[in-house]
Amino acid sequence: MGIQDIIEGKKQWRAHMARVKALPPDYEIVYKEIQRYYFKVGPIGLADGSLLTGLLEFFEEGVAAGTGALELIGDDVAAFADELIKDSRTFAEVYQESISGEPGTAEK
């Protein structure tokens with residue numbers, strides 16, 4: 001990854017976060033909580049940016065429809081976040097497999 005890639009990545013991230021800050025407060029809070037959770041859990045799809053971008057677009061559609069954040073996703077934010085990544089592998093699983101030496105041995 002060259003310096004230009006890093007600079008472009010930072011520009012894209014700043015633009016993404018500007019869109020998050022433009023959300024109504026309830027959406028912004030929920031988005032940031034889910035983002036924080038994903039940064040801890042480490043789903044593989046997080047690296048390419050599609051997971052958070054898809055979540056942001058989903059939230060923007062909810063805002064456009066006049067729906068509140070919890071109306072859109074339900075009262076259990078953690079369950080919603082887990083449902084989005086239920087079929088995704090995590091970096092923790094990959095690490096566990098690497099130290100055990102057997103692919104596919106990490107428990108879900």
Side-chain angles (χ1 to χ4, degrees):
M1 177 181 283
I3 190 78
Q4 288 302 107
D5 294 331
I6 293 170
I7 292 169
E8 185 59 32
K10 283 188 171 193
K11 285 181 185 177
Q12 289 174 358
W13 181 250
R14 286 186 185 122
H16 178 88
M17 291 310 295
R19 287 172 58 195
V20 170
K21 289 180 182 176
L23 293 171
D26 60 334
Y27 276 94
E28 184 179 0
I29 290 167
V30 170
Y31 175 91
K32 286 183 177 180
E33 287 302 316
I34 292 172
Q35 176 188 6
R36 185 176 297 117
Y37 173 67
Y38 286 162
F39 284 167
K40 287 180 184 176
V41 174
I44 302 273
L46 194 61
D48 68 11
S50 62
L51 179 63
L52 291 177
T53 299
L55 179 63
L56 178 56
E57 289 169 356
F58 179 64
F59 280 8
E60 289 171 335
E61 290 170 11
V63 171
T67 307
L70 295 181
E71 283 181 84
L72 185 67
I73 67 167
D75 291 336
D76 192 343
V77 176
F80 174 80
D82 282 338
E83 184 66 24
L84 287 179
I85 61 168
K86 70 178 181 182
D87 296 327
S88 298
R89 295 186 65 214
T90 65
F91 289 111
E93 290 172 337
V94 171
Y95 175 73
Q96 184 63 38
E97 290 169 4
S98 74
I99 60 172
S100 71
E102 297 180 37
T105 59
E107 295 182 31
K108 290 192 177 203

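FYI, side chains are in, hydrogens and waters are out, and symmetry mates aren't considered; it's all heavy atoms of this structure. It should be emphasised that the depicted structure is a prediction, and the values quoted were computed from it without experimental measurement.
With values rounded to the nearest 0.5 angstrom, Q12 atom CD is found 9.5 Å from D5 atom CG. In this structure, CG on L84 lies 6.5 Å from CG on L55, to the nearest 0.5 angstrom. Remark: D82 CG to I34 CD1 distance equals 10.0 Å, nearest 0.5 Å. Taken to the nearest 0.5 Å, the NZ atom of K32 stands 9.5 Å off from the CG atom of L23.
Follow the hydrophobic side-chain contacts under 4.5 Å out from V77 and you never reach I29; the two are in separate clusters.
Between the E93 side chain and the T90 main chain, a donor and an acceptor come within less than 3.5 Å of each other.
Residues D26 and A69 share a closest heavy-atom pair of OD2-N, 3.0 Å. Taking each heavy atom of E71 and T67 in turn, the nearest pair found is CB-CG2, 3.5 Å.
Among the candidates Q35, E28, E60, the single residue satisfying the side-chain contact (heavy atoms from CB on, under 4.5 Å) test with V20 is E28.
Sparse packing is recorded around OH of Y95, with 12 or fewer heavy atoms of other residues, nucleotides or ligands lying under 6.0 Å away.
Considering only heavy atoms from C-beta on, Y27 comes within 4.5 Å of L72 through its side chain. By the 4.5 Å heavy-atom criterion applied to side chains, W13 and L52 are counted as neighbours. Using a 4.5 Å heavy-atom threshold, the side chains of H16 and K21 count as separate.
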>> Show, in sequence, the C-alpha distance, side-chain angles and deciding distance for E97 and R89, and conclude whether the side chain to side chain contact (heavy atoms under 4.5 Å, CB included) test is met.
In response: CA-CA 11 Å; E97 290 169 4; R89 295 186 65 214; 2.3 Å; yes
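Ring geometry, Y31 versus F59: the interplanar angle exceeds 60°, so the pair is classed perpendicular (tilted spans 30 to 60°).
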